[in-house]
4 protein chains.
Amino acid sequence: MGERATATEEKRRLILDAAVRVFARKGYHASRVGDIAEEAGVAHGLLYHYFDSKDEVLEAAFRENWSVLLERIQAVEESGESAREQLRHVAAILLRTWLHQPDVVRVVVREIARSPEVQQRIGELVKPIEAIRRIVERGRATGEFRADLDPALAATIFYGGIDEILTSWVLGQAAGTPDDVAAAERTLMDVVSVGFAGR
Amino acid sequence: MGERATATEEKRRLILDAAVRVFARKGYHASRVGDIAEEAGVAHGLLYHYFDSKDEVLEAAFRENWSVLLERIQAVEESGESAREQLRHVAAILLRTWLHQPDVVRVVVREIARSPEVQQRIGELVKPIEAIRRIVERGRATGEFRADLDPALAATIFYGGIDEILTSWVLGQAAGTPDDVAAAERTLMDVVSVGFAGR
Amino acid sequence: MGERATATEEKRRLILDAAVRVFARKGYHASRVGDIAEEAGVAHGLLYHYFDSKDEVLEAAFRENWSVLLERIQAVEESGESAREQLRHVAAILLRTWLHQPDVVRVVVREIARSPEVQQRIGELVKPIEAIRRIVERGRATGEFRADLDPALAATIFYGGIDEILTSWVLGQAAGTPDDVAAAERTLMDVVSVGFAGR
Amino acid sequence: MGERATATEEKRRLILDAAVRVFARKGYHASRVGDIAEEAGVAHGLLYHYFDSKDEVLEAAFRENWSVLLERIQAVEESGESAREQLRHVAAILLRTWLHQPDVVRVVVREIARSPEVQQRIGELVKPIEAIRRIVERGRATGEFRADLDPALAATIFYGGIDEILTSWVLGQAAGTPDDVAAAERTLMDVVSVGFAGR
DNA sequence: TATGAATGAGTGTTCATTCAT
DNA sequence: GATGAATGAACACTCATTCAT
């Protein structure tokens with residue numbers, strides 16, 4: 001029974017991964033149920049054994065990839081490091097995903113996470129901005145960041161910077177090589193280290 | 001004939017503005033051609049007098065509103081102010097648009113900026129980033145910004161910050177009141193003033 | 001007033017000739033009112049001053065070109081020549097039109113005259129087959145053609161031969177040079193001369 | 001699986017036959033996709049399972065019925081009969097189709113043969129003319145037909161005669177009873193027997 | 001006469017979803 | 001589980017015709 005469940009789970013994952021690839025290639029709205037099924041090598045009818053609807057596939061594809069990132073960010077939050085180090089790690093998590101899972105970035109980070117429709121339906125899947133805000137708040141409390149820094153705005157700016165860098169890679173405006181990733185992390189931290197500290 | 005042309009231009013604009021409102025309200029994909037026509041108070045067939053397709057309406061709506069912002073940003077670039085002041089003005093132009101034309105921001109942020117397909121077709125979207133990059137380069141040349149700041153990355157981060165702030169307002173995660181706009185401008189400049197200067 | 005009428009008539013003819021060219025180029029169903037107006041160099045609204053509908057243009061284009069051919073065929077019928085000579089002249093009239101008015105052949109002979117819709121609406125515009133049938137009947141009466149030749153069938157075959165030859169030119173399967181036209185006339189008459197005479 | 005394929009093929013044929021009936025009744029352009037589906041007793045969406053477009057249905061309907069005739073004509077060509085007998089059989093094949101499949105003739109004669117656009121795309125329509133030309137050439141080689149008979153022109157005339165006879169039945173200008181068919185065959189052969197032999 | 005903006009009925013096609021096998 | 005045939009709601013777009021100017 002455990003094996004059964006595992007086999008079922010594997011097939012589910014097969015479809016989900018196929019969905020991510022297809023979304024990455026064609027975009028959210030242009031992807032058809034048949035495209036996903038074809039990419040997964042199954043009949044499109046089978047999709048409805050594992051998911052209730054096309055939208056459900058989207059949501060699951062998002063949720064299950066996104067949650068991995070969220071967990072890692074949460075681990076950072078609980079690490080006890082300085083706020084600056086925590087921000088550095090958060091940036092690293094998000095930016096380096098581009099190297100290992102570019103399709104996930106293309107789809108989950110850039111498309112689904114920003115789609116108003118999905119956004120509204122998946123309330124619990126808030127973006128890492130809140131985590132960043134909490135980090136900033138703690139940094140402010142410890143005096144690491146200056147007292148008059150608005151945590152929510154700072155978090156938004158920080159995340160926006162990361163997101164826009166990822167976008168430049170997704171759109172091919174910048175190469176997104178490992179060196180680029182390293183440079184992006186460095187520049188971002190250079191800016192906010194002093195920018196958030198205020199001097 | 002001049003009057004004729006003007007009347008025609010007005011009707012075109014009427015449809016375009018209606019489209020922006022509808023897209024802002026329902027999103028591009030959920031907006032039917034008939035919705036736009038109804039909002040504009042014309043028959044849906046008339047839309048095809050002025051535009052080749054629904055897609056073209058979105059592009060035109062973007063281009064014709066975006067170009068106004070681009071011109072204002074260009075004026076800032078030519079103002080001869082310090083790089084920091086120029087960045088402040090660019091941020092103000094983009095962020096304050098939310099106060100005067102929230103629907104335009106809604107459409108640009110949600111429908112254009114999030115859709116890789118559209119973005120590829122409309123190179124114009126990256127124009128502000130390029131302007132910012134030039135400003136940063138000049139600031140670096142004058143010693144206003146530190147020498148080891150990567151202008152392209154800095155520009156990407158700066159623009160990303162603005163974009164994410166607008167997104168938070170569009171998605172209703174933050175209110176976007178005039179005070180919020182002022183606070184956003186201030187915080188953003190606080191961060192990059194020292195962050196870009198490096199001390 | 002006479003001049004007025006003439007000017008009016010000229011404009012009408014202008015549109016009609018444009019219609020023939022457009023039909024020849026794009027085919028009956030693919031031709032739009034706007035195409036005809038553009039070809040004629042007038043606004044498409046003007047078309048409705050001269051004709052009641054698009055169909056009316058088609059009908060008029062057909063009628064006014066077709067009637068010329070019918071009159072010439074009628075003249076042949078009244079010429080008092082032998083049936084064989086009359087057939088030769090009918091064939092010449094139809095086949096040589098290709099040399100002078102290929103568009104008329106393309107449209108009127110091949111498309112409109114065979115279109116069931118138009119055919120039914122324009123009852124009085126019967127094809128020359130009936131004229132040919134009468135010629136055959138007279139040839140039979142004079143003993144020129146054999147007595148057991150069915151005139152209606154003979155006429156149909158004769159006209160069909162002409163029509164198919166024109167088709168081969170229209171479709172470019174044969175060149176349709178003046179020499180081709182001459183050869184076609186000769187071969188057709190060679191066949192029916194003895195074929196209709198029966199020996 | 002063989003049964004499955006057969007069932008699928010049957011459904012496809014069901015739709016195709018329905019299409020032929022509808023096209024024959026209303027003409028291609030006046031036939032709506034929904035009409036065909038209704039005639040076939042299926043949902044209109046199913047049509048697109050079996051065909052790419054309405055156009056493709058017409059083409060398939062033509063091709064799959066036409067190919068039967070082409071095969072039979074080819075069999076005649078290989079029969080070793082005299083050229084005259086072969087021509088008689090070709091005429092019989094084409095003309096008698098009217099008795100068994102009047103709708104097919106209606107569609108082929110009216111919609112396919114009259115539409116230059118379709119005809120260009122479907123080279124097959126000229127196949128019978130080419131077969132007839134080869135028969136004439138052989139008849140000329142054996143001395144059955146006179147040496148100065150142009151085979152291409154003769155074939156065109158012969159086929160044109162058949163086509164025009166079918167047209168007269170399709171358009172209701174002649175009844176097209178079995179007797180009419182027999183008379184048509186007889187008259188056509190009477191004419192070309194001596195017409196092609198030249199004496 | 002002449003223009004071309006405006007109308008709106010009409011239709012081919014797509015595609016998520018269902019369900020018999 | 002797995003397949004893919006079958007369904008039908010939904011929608012962008014066309015184009016003949018009208019009419020104010």
Side-chain angles (χ1 to χ4, degrees), chain A residues 4 7-8 11-12 29-38 40-57, chain B residues 1 3-5 7-8 10-12 15 29-37 40-57, chain C residues 4 7-8 11-12 29-38 40-57, chain D residues 1 3-5 7-8 10-12 15 29-37 40-57:
Chain A
R4 269 269 186 84
T8 287
K11 182 69 68 99
R12 199 189 120 95
H29 277 103
S31 298
R32 311 296 158 209
V33 168
D35 297 331
I36 299 169
E38 192 185 11
V42 300
H44 67 274
L46 188 57
L47 228 125
Y48 289 87
H49 270 283
Y50 294 96
F51 305 95
D52 282 346
S53 68
K54 181 193 168 189
D55 273 29
E56 262 263 314
V57 178
Chain B
M1 214 163 75
E3 278 182 33
R4 268 270 184 81
T8 285
E10 265 173 28
K11 185 64 70 95
R12 196 189 125 96
I15 294 173
H29 280 102
S31 299
R32 258 112 358 107
V33 168
D35 296 334
I36 299 169
V42 301
H44 69 274
L46 188 58
L47 214 132
Y48 292 90
H49 240 7
Y50 294 97
F51 306 96
D52 282 345
S53 66
K54 186 188 165 191
D55 255 63
E56 259 238 336
V57 176
Chain C
R4 269 264 186 88
T8 286
K11 182 69 69 99
R12 199 188 120 94
H29 277 102
S31 299
R32 310 298 159 208
V33 169
D35 297 331
I36 299 169
E38 193 185 9
V42 301
H44 67 274
L46 188 58
L47 228 125
Y48 290 86
H49 271 282
Y50 294 96
F51 305 95
D52 282 346
S53 68
K54 181 192 169 190
D55 274 29
E56 262 263 315
V57 178
Chain D
M1 214 164 73
E3 278 182 33
R4 268 271 185 81
T8 285
E10 264 173 28
K11 183 65 69 98
R12 195 189 125 95
I15 293 172
H29 280 102
S31 299
R32 259 122 342 115
V33 169
D35 295 334
I36 300 170
V42 301
H44 68 273
L46 188 58
L47 216 132
Y48 291 89
H49 240 8
Y50 295 97
F51 306 97
D52 282 346
S53 66
K54 185 188 165 191
D55 256 62
E56 258 238 337
V57 176

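Here is how names work: the chains are called A, B, and so on, in the same order as the sequence lines, proteins then strands, and each is numbered from 1. What you see below is based on every heavy atom in this structure, not just the backbone, and it leaves out hydrogens, waters and symmetry mates.
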Rounded distance (Å) that lies between atom P of F/dA5 and atom CZ of D/R12: 13 Å
CD1 on D/I15 to CD on D/E10, rounded to 0.5 Å: 12.5 Å
Distance, nearest 0.5 Å, that separates CG of C/D52 from CG of C/L47: 11.0 Å
Nearest atoms (heavy-atom pairs only) where D/S31 meets D/K54: O-NZ, 2.8 Å
Identified stems (criterion: three or more consecutive Watson-Crick or G-U pairs, under 3.5 Å), DNA chain E: E:2-21 with F:2-21
Rounded distance (Å) that lies between atom C1' of E/dA16 and atom CG of A/D35: 12 Å
Atom-to-atom span, NE2 of A/H29 to C1' of E/dT14 - whole angstrom: 15 Å
Separation of F/dT17 P from C/E56 CD (nearest whole Å): 10 Å
Cationic N near anionic O, under 4.0 Å, A/D35 to A/R32: no
Stretch residues 41-51 of chain B: residues that reach within less than 4.0 Å of DNA chain F through a heavy atom: B/H44, B/Y48
Side-chain N,O (B/R32) to OP1/OP2 (F/dA12) below 4.0 Å: no
Spacing between C/D52 atom CG and F/dT17 atom P, to the nearest angstrom: 9 Å
Presence of A/T8 side-chain N/O under 4.0 Å of F/dG1 phosphate oxygens OP1/OP2: yes
Heavy-atom pair with the smallest gap, counting every atom of A/A37 and A/H44: CB-CA, 3.4 Å
Side-chain heavy-atom pair B/H49, B/L46 within 4.5 angstrom cut-off: yes
Among E/dG12, F/dT17, E/dC15, the one nearest C/V33 by side-chain distance: F/dT17
5' precedence on DNA chain F between B/K54 and C/G34 (nearest-nucleotide basis): B/K54
Contacts of type salt bridge (Lys or Arg N to Asp or Glu O under 4.0 Å), residue B/D55, not counting sequence neighbours: B/R121
Min side-chain heavy-atom separation A/E56-A/Y50 under 4.5 Å: no
